[in-house]
Asks: 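My questions will all concern the structure given below.
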Amino acid sequence: MSSSDEICRIYERTDLRRAGGGLIRPGGLKLTQRAVAAAALPPGSRVLDMGCGTGVTLGYLIHQCRFRGVGIDLSTNLLAEGRGQDPCLPVAQASGAHLPFIDAAVDAILAECSLSLMEDVGRTLDECARVLAPGGILLVHDVYARSPESGSRLKGLPLRCCLTGAVSREEWIERIEGSGFEITHWEDQSQALKEFAARLIFSHGSLESFWCGAGGGGGMEGGREIQQAVASAKPGYFLIIARKVSTAP
Ligand SMILES: C[S@@+](CC[C@H](N)C(=O)[O-])C[C@H]1O[C@@H](n2cnc3c(N)ncnc32)[C@H](O)[C@@H]1O
């Protein structure tokens, strides 16, 4: 399959949101809470949720953490759903590669299972560094490949999800440091990914049948092929907290 029109965006599927309790990723708000606590962000911080989906986390950041939150996402469908639930949700349709903010506009950026989906991760990280204030914090939850040599198989799948953008732990670190960040915290959160997979098995009977409708029109056989590619990459889940390294004026 070659046309990008035929690519199935897994993260727009409602069954995935159901498995995530409204969120489109592993770990739920418990992981967000853990990340925010580890970063020690004070109430009132200006926080951007990059790739906010329907804005569930954004609502949490604003109402529970008392941050000045704003979200961006590229998906018309997910933003429309979020605005349907809360018409006042402070979200904008934009790409992480072109953040609609002036320099140094925010104190922290949260990217939960969204960085791996960006077409140009390097440019997106440069944009994060640009819009963060000096010393600003980047918090990333995402998928990494513990067997990255199998990653090319994942990238060749006719679908888009965090798994297809997974790279090794070393490559994630290199990318983030390469855009002017100092990594202050790495945490393996692979248990959250296992629990998420268990929920999908519970709701669909098996991971193969979850992937079955994922694209490529391969039915159950297609689902099996996708699951084999996923399993061979040995995916894990991580939290990275990084600080923008101040640059000379
Ligand atoms: C796996 S979902 C995670 C959503 C949300 N962060 C959450 O925790 O539920 C990934 C999100 O990234 C968004 N996304 C994908 N590519 C993007 C891009 N280039 N710029 C901004 N958002 C993007 C998708 O629309 C989707 O909402």
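Throughout, numbering of the chain's residues begins at 1 and tracks the sequence.
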Asks: With rounding to the nearest 0.5 Å, note down the distance linking CD in Glu112 to SG in Cys162.
Replies: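 Separation between the atoms: 10.5 Å.
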Asks: With a 4.5 Å cut-off on side-chain heavy atoms, are Ser206 and Trp211 touching?
Replies: no
Asks: Cut-off 3.5 Å, side chains only: do Ser75 and Asn77 have a donor facing an acceptor?
Replies: no
Asks: Less than 4.5 Å apart, any side-chain heavy atom of His98 and any of Arg123?
Replies: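 They are in contact (side-chain heavy atoms under 4.5 Å apart), so the answer is yes.
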Asks: Any chance you could measure Ser95, atom OG, to Ile72, atom CD1, to the nearest 0.5 Å?
Replies: 6.5 Å
Asks: Go through the structure and list residues passing salt bridge (charged side-chain N to carboxylate O under 4.0 Å, His left out) with Glu81, not counting sequence neighbours.
Replies: Arg17
Asks: Taking only residues two or more places apart in sequence, or in another chain, which ones meet Arg34 in a salt bridge (charged side-chain N to carboxylate O under 4.0 Å, His left out)?
Replies: Glu187
Asks: According to a hydrophobic-cluster definition based on side-chain heavy atoms being under 4.5 Å apart (Ile, Leu, Val, Met, Phe, Trp, Tyr only), do Leu89 and Leu23 belong together?
Replies: no
Asks: Show me, pair by pair, the donor-acceptor contacts under 3.5 angstrom made by side chains of residues 172-184, not counting sequence neighbours?
Replies:
residue	atom	partner	partner atom	Å
Trp172	NE1	Val143	O	3.0
Ser179	OG	Asp126	OD1	2.8
Thr184	OG1	Ile241	O	3.1

Asks: For residues 130-140, pull every pair meeting side-chain hydrogen bond (donor to acceptor under 3.5 Å, both in side chains), keeping only residues two or more places apart or in separate chains.
Replies: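 Pairs touching residues 130-140 that pass the test: Asp103-Arg130, Glu127-Arg130.
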Asks: Measuring from Tyr144:OH to Trp186:CH2, what's the distance to the nearest 0.5 Å?
Replies: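 Rounded to the nearest 0.5 Å, the OH-CH2 separation comes out at 5.0 Å.
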Asks: Report yes if some heavy atom in the side chain of Arg25 is under 4.5 Å from a heavy atom in the side chain of Thr57; otherwise report no.
Replies: yes
Asks: Nearest heavy-atom pair of Cys65 and Val36: which atoms, and what distance?
Replies: SG-CG1, 4.3 Å
Asks: Side chains of Gln85 and Thr54: donor-acceptor distance under 3.5 Å anywhere?
Replies: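 Short answer, no.
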Asks: Do Ser116 and Arg160 have side-chain N/O donor and acceptor atoms under 3.5 Å apart?
Replies: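 Per modelled atom types, Ser116 and Arg160 side chains form no pair under 3.5 Å.
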Asks: Under 4.5 Å between side-chain heavy atoms, counting indirect links through other Ile/Leu/Val/Met/Phe/Trp/Tyr residues: same cluster for Val91 and Val56 or not?
Replies: no
Asks: For a quick test of reading the model, state the closest non-hydrogen atom pair linking Ala133 to Asp107 and the distance between them.
Replies: CB-OD1, 4.3 Å
Asks: Ignoring hydrogens, what is the shortest heavy-atom contact between Pro90 and Leu58? Give both atom names and the distance.
Replies: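 Heavy-atom minimum between the residues: O-CD2, 3.8 Å.
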Asks: Any chance you could lay out the side chain to side chain contact (heavy atoms under 4.5 Å, CB included) test for Met50 and Thr124, step after step, and finish with the verdict?
Replies: CA-CA 10 Å; Met50 185 176 70; Thr124 302; 3.7 Å; yes
Asks: In terms of hydrophobic clustering (I, L, V, M, F, W, Y; side-chain heavy atoms under 4.5 Å; direct or indirect links), are Leu48 and Leu79 co-clustered?
Replies: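 Different hydrophobic clusters.
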Asks: Within this structure, what is the OG-CZ distance for the pair Ser203 and Arg18, rounded to the nearest 0.5 Å?
Replies: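 One finds 8.0 Å between OG of Ser203 and CZ of Arg18.
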Asks: Is the shortest side-chain heavy-atom distance between Leu159 and Tyr11 below 4.5 Å?
Replies: no
Asks: Any link between Val47 and Phe101 through a network of hydrophobic side chains (Ile, Leu, Val, Met, Phe, Trp, Tyr) touching at under 4.5 Å?
Replies: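 Result: no, two separate clusters.
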Asks: Quick one: does Ser114's side chain have a donor or acceptor within less than 3.5 Å of a partner on Ala111's backbone?
Replies: no
Asks: Could you point out which residue of Leu61, Leu41, Leu138, Ile137 forms a side-chain contact (heavy atoms from CB on, under 4.5 Å) with Leu110?
Replies: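 Answer after filtering Leu61, Leu41, Leu138, Ile137: Leu61.
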Asks: Quick one: salt bridge (charged side-chain N to carboxylate O under 4.0 Å, His left out) partners of Asp15, sequence neighbours excluded?
Replies: Arg13
Asks: Any side-chain heavy atom of Leu74 within less than 4.5 Å of one from Leu117?
Replies: no
Asks: Honestly curious: do Phe196 and Leu31 fall in one hydrophobic cluster under the side-chain, below-4.5 Å linking rule?
Replies: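 Yes, it is one cluster - the side chains of Phe196 and Leu31 are joined through contacts under 4.5 Å.
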Asks: Using residues 228-239 as the side-chain source, report each donor-acceptor pair under 3.5 Å to any protein atom, sequence neighbours left out, with the distance given to one decimal.
Replies:
residue	atom	partner	partner atom	Å
Ser232	OG	Gln228	O	3.3
Ser232	OG	Ala229	O	2.9

Asks: Roughly how far, to the nearest 0.5 Å, is SG of Cys212 from NE2 of His204?
Replies: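 Going from NE2 on His204 over to SG on Cys212, the span is 9.5 Å.
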Asks: So which heavy atom on Cys161 is nearest to which on Ile10, and how close?
Replies: CB-CB, 3.8 Å
Asks: State the CE-CG distance between Met118 and Asp120, to the nearest 0.5 angstrom.
Replies: 11.0 Å
Asks: Keeping Arg68 on the side-chain end and Gly44 on the backbone end, is there a donor-acceptor pair under 3.5 Å?
Replies: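 Side chain of Arg68 to backbone of Gly44, a donor-acceptor pair under 3.5 Å: yes, one is there.
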Asks: State, yes or no, whether a side-chain contact exists between Ile102 and Val131 at a heavy-atom distance under 4.5 Å.
Replies: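 Sidechains of Val131 and Ile102: no contact.
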Asks: Could you check whether any side-chain heavy atom of Gln93 comes within less than 4.5 Å of a side-chain heavy atom of Thr76, counting everything from C-beta outward?
Replies: yes
Asks: Within the structure provided, determine whether Leu115 and Leu125 are in side-chain contact (heavy-atom separation under 4.5 Å).
Replies: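 A side-chain contact under 4.5 Å exists here.
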Asks: Can you name the nearest heavy-atom pair linking Ala35 to His141, along with the distance?
Replies: CB-CE1, 3.8 Å
Asks: If we ignore hydrogens and angles and just use 3.5 Å, is the side chain of Asp73 paired with the main-chain N or O of Cys52 as donor and acceptor?
Replies: yes
Asks: Flag yes if more than 12 heavy atoms outside Lys155 fall under 6.0 Å of its NZ atom; otherwise flag no.
Replies: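 It does: Lys155 NZ has more than 12 such atoms within range.
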Asks: Between the main-chain N or O of Leu132 and the side-chain N or O of Lys244, is there a donor-acceptor pair closer than 3.5 Å?
Replies: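 Yes, because the side chain of Lys244 sits within donor-acceptor range (under 3.5 Å) of the backbone of Leu132.
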Asks: I'd like to know if the side chain of Arg243 reaches the main chain of Gly135, judged simply by a donor and an acceptor atom lying under 3.5 Å from each other, with no hydrogens or angles considered.
Replies: yes
